[in-house]
Protein chains: 2
Amino acid sequence: MLKKKITLKHIARELDVSISTVSKALKNSEEISRDTKEKIQAFAKLYNYKPNNIAISLKNKRTKNIGVVIPDIVHHFFTTVVKGIEKYANQKGYNVIVCLSDESFDKEVINMEMLANGSIDGFIMSLSAGTQENDDYNHLKEVTEQGIPVVLFDRVTDEIDCDKVVIDDQQGGYMATKKLIDEGRKQIALLTTHDYFSVSRDRNEGYRKALLDSGLEIKDDYILRLPYMDIEEQVISDFFDRIEVDGVLSVNEIFGINAMRVLQRKGYVIPDDISVIGFTDGLLSKHANPSMTSVAQHGDKMGEIAAKMLIEKVESDVEEETYKTEIIQPTIVARESTLNPNGAGSGN
Amino acid sequence: MLKKKITLKHIARELDVSISTVSKALKNSEEISRDTKEKIQAFAKLYNYKPNNIAISLKNKRTKNIGVVIPDIVHHFFTTVVKGIEKYANQKGYNVIVCLSDESFDKEVINMEMLANGSIDGFIMSLSAGTQENDDYNHLKEVTEQGIPVVLFDRVTDEIDCDKVVIDDQQGGYMATKKLIDEGRKQIALLTTHDYFSVSRDRNEGYRKALLDSGLEIKDDYILRLPYMDIEEQVISDFFDRIEVDGVLSVNEIFGINAMRVLQRKGYVIPDDISVIGFTDGLLSKHANPSMTSVAQHGDKMGEIAAKMLIEKVESDVEEETYKTEIIQPTIVARESTLNPNGAGSGN
DNA sequence: TTGTACGCGTTATCAT
DNA sequence: ATGATAACGCGTACAA
């Protein structure tokens, strides 16, 4: 019942020819006679011969595997990026090895070391919270010094010379804040994380810039910094008790959704009394009640671009020392949590 | 600047010893003299020698890679399963290669063929919609006949002899329906998919059984079958116009959330007028407004168990022909979309 | 104590 | 037209 994988050697033995003849015949080499080729090809087909990937990898020093290291997979944004990577990579004949750092520096290091020992041709990754907190990128330096191409996406660092794909987070923050201002909102709160997240930093910056540009004051007590995990509703509730707001910008989806609930419970009607915009246009924004206007990150596009950049580097033998940073423009998906002064946006 | 990976051969050449001496020394073999060992180990450490995974794979015929083939990764349930698999697998020194079938039969076949040629030691997978629709499992048969272990989870089939992990979907459907009945609901609608999803079939069965056991009538016009993707709210709205309901069971999260919105728009108050229970306890259920009571699938646990089963098979050289099916018991996470007659359930 | 030789499966180069 | 050989990197049985 067990039909073990057949190798060139088996075929050679069975057909009483040499291994190299079999190899050539299966590659349809001109060197081999019509007869032998047909015989060998038929036999190979019959026994469903397929070359062993590992052997080929060893020989070619190319695995056709891409290592993807992300902080978390139970997270809509990363998930869309992985999907984008998969799509492009598969199409190019690459497999995707996914490793999770769980936001931990140590796990990120361990995973990368595992993969760097020949398992993959290159990395696509987004830095873990721990790594950004530590501000330690030696594991990345080691990998790039070995000549393994790396593409960073979303959570990146200037410390490493490599290709990068980011969205213009500052622009996203700016656009969203501007939209609130254009609706006539003047008291706009910002829900954000701590500053070691590069993305939050940039989004905050956009928020400030938009306020400034519109001659509005930046008030520190209108900014709430929440821990990335384990949000406590009470903290949000207290925050909104302290200040009077008519607009809320959240640097992610979760904070935004939670803010909407808290505000609704306090009796505010969204968007009549308060407009809310979140980041990371995911399932929650789409299915919230009211559905939440949000800044789309285009994770799938990001993944595709990252994969494209990586595979190009992997397949070009030239040791270029030139790195690009692709900046994706964010988009606002207008939904029910904001007013619609210009009647725009379908939402879905 | 480029510090290419060093091999045994390099070390041997540099230290003027044989490759096997180096190999043994690095394994701390008793055969090698203290002196040489120290010299070699120091050198290896200095140049950060790490054995090449590919070479080891070729030699051992073991890749330490697990192939995971799932229909979709932008999907909370699958994502939690992947996380569970990763957790267990990493701990055991395995990498996880994730491939997406995109619910397509063809893609599933192609991906499996790619991986089956030596890239992985075994598969963990959940059948694509296309595969279940086609009812064609030859690609799985081929793989198992080659002696590659397979573990199916969630969307499984009786056609293949292999280890399986499922939740007791019928029990989940039963429990949920029973809960609605216990709340005093008598007109319970069922939102489901088409029958070729094994999970839906089982959940439906639980629904029927619970009604029967409670002496309630099973009415066909209380059952709405929706396409898996692209739900149209209008269809749901029309459905609820045709019938009078006080309870809704949805075989997934999305249908449930959509039903809540539609019902709320029609003026019903949840859970005062109508209770709603969904399946797949994910982000949407948790953050819905009101938050949705739902049947938890315990994807992480499922993933861990699947990984455990697979790795056990992979690492046991005995060719057992005995396969287990692990059945995970579902749990109801009580939230705000149902009444709380017994004051149970924390939610969150 | 150290080294030689072989094998894992494949391909490419160089004989025959 | 076919075959022998070496090489990819490693490990190990066996020889010295």
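Naming: A, B, ... by sequence-line order, numbering from 1 per chain.
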If you assign each of I19(A) and D16(B) to its closest nucleotide in DNA chain C, which residue comes earlier from the 5' end?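 The answer here is D16(B).
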Ring centers of Y49(B), H10(B) separated by less than 6.0 Å: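 That pair fails the under 6.0 Å test.
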Give one of base, sugar-phosphate or nothing for [X], where a contact means two heavy atoms less than 4.0 Å apart.
X      : answer
S20(A) : base
S57(B) : nothing
L8(A)  : base

For [N], take OP1 and OP2 only and decide whether either is under 4.0 Å from a side-chain N or O of [X].
X      : N      : answer
K61(B) : dG9(C) : yes
Y49(B) : dG9(D) : no
T21(A) : dT2(D) : no

Where is the tightest heavy-atom contact between R62(A) and Y94(A), given as atom of each residue plus distance?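 The pair with the smallest heavy-atom distance is NH1-OH, 4.4 Å.
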Over all heavy atoms of both residues, which pair between H139(B) and T131(B) is shortest? Give the atoms and the distance, please.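 So the minimum-distance heavy-atom pair works out to CE1-CG2, 3.8 Å.
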Taking [atom1] from [X] and [atom2] from [N], how many angstroms apart are they, rounded to a whole number?
X      : N       : atom1 : atom2 : answer
K9(B)  : dA6(D)  : NZ    : P     : 13 Å
I56(A) : dA7(D)  : CD1   : C1'   : 15 Å
K5(A)  : dC8(C)  : NZ    : P     : 17 Å
R62(B) : dG11(D) : CZ    : P     : 15 Å
I6(B)  : dC8(D)  : CD1   : P     : 15 Å
R13(B) : dT2(C)  : CZ    : P     : 20 Å
K50(B) : dG9(D)  : NZ    : P     : 17 Å
N60(B) : dG9(C)  : CG    : P     : 12 Å

[X] has a side chain; which of [options] sits nearest to it?
X      : options                  : result
A55(A) : dC8(C), dC10(D), dT10(C) : dT10(C)
L58(B) : dT4(C), dC10(D), dC8(C)  : dC8(C)
K59(B) : dT4(C), dG11(D), dG3(D)  : dG11(D)

Would you say E312(B) and D163(B) make side-chain contact, with heavy atoms under 4.5 Å?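 Sidechains of D163(B) and E312(B): no contact.
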Does Y47(A) reach the side chain of I11(A), with side-chain heavy atoms less than 4.5 Å apart?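 No, every pair of side-chain atoms sits at 4.5 Å or beyond.
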Any side-chain donor paired with an acceptor under 3.5 Å for N53(A) and S119(B)?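 Yes, S119(B) and N53(A) have a side-chain donor paired with an acceptor closer than 3.5 Å.
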Under 3.5 Å side-chain donor-acceptor pair for T63(A) and D121(A):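 Per modelled atom types, T63(A) and D121(A) side chains form a pair under 3.5 Å.
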Can you sort out which residues in residues 22-35 of chain A have a heavy atom within less than 4.0 Å of DNA chain D? Ascending by number, please.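 Within residues 22-35 of chain A, the residues near DNA chain D are K24(A), E30(A), E31(A), I32(A), S33(A).
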Counting distance only, does the side-chain N/O of E108(B) pair as donor-acceptor with the main-chain N or O of L127(B) below 3.5 Å?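 No; zero donor-acceptor contacts below 3.5 Å.
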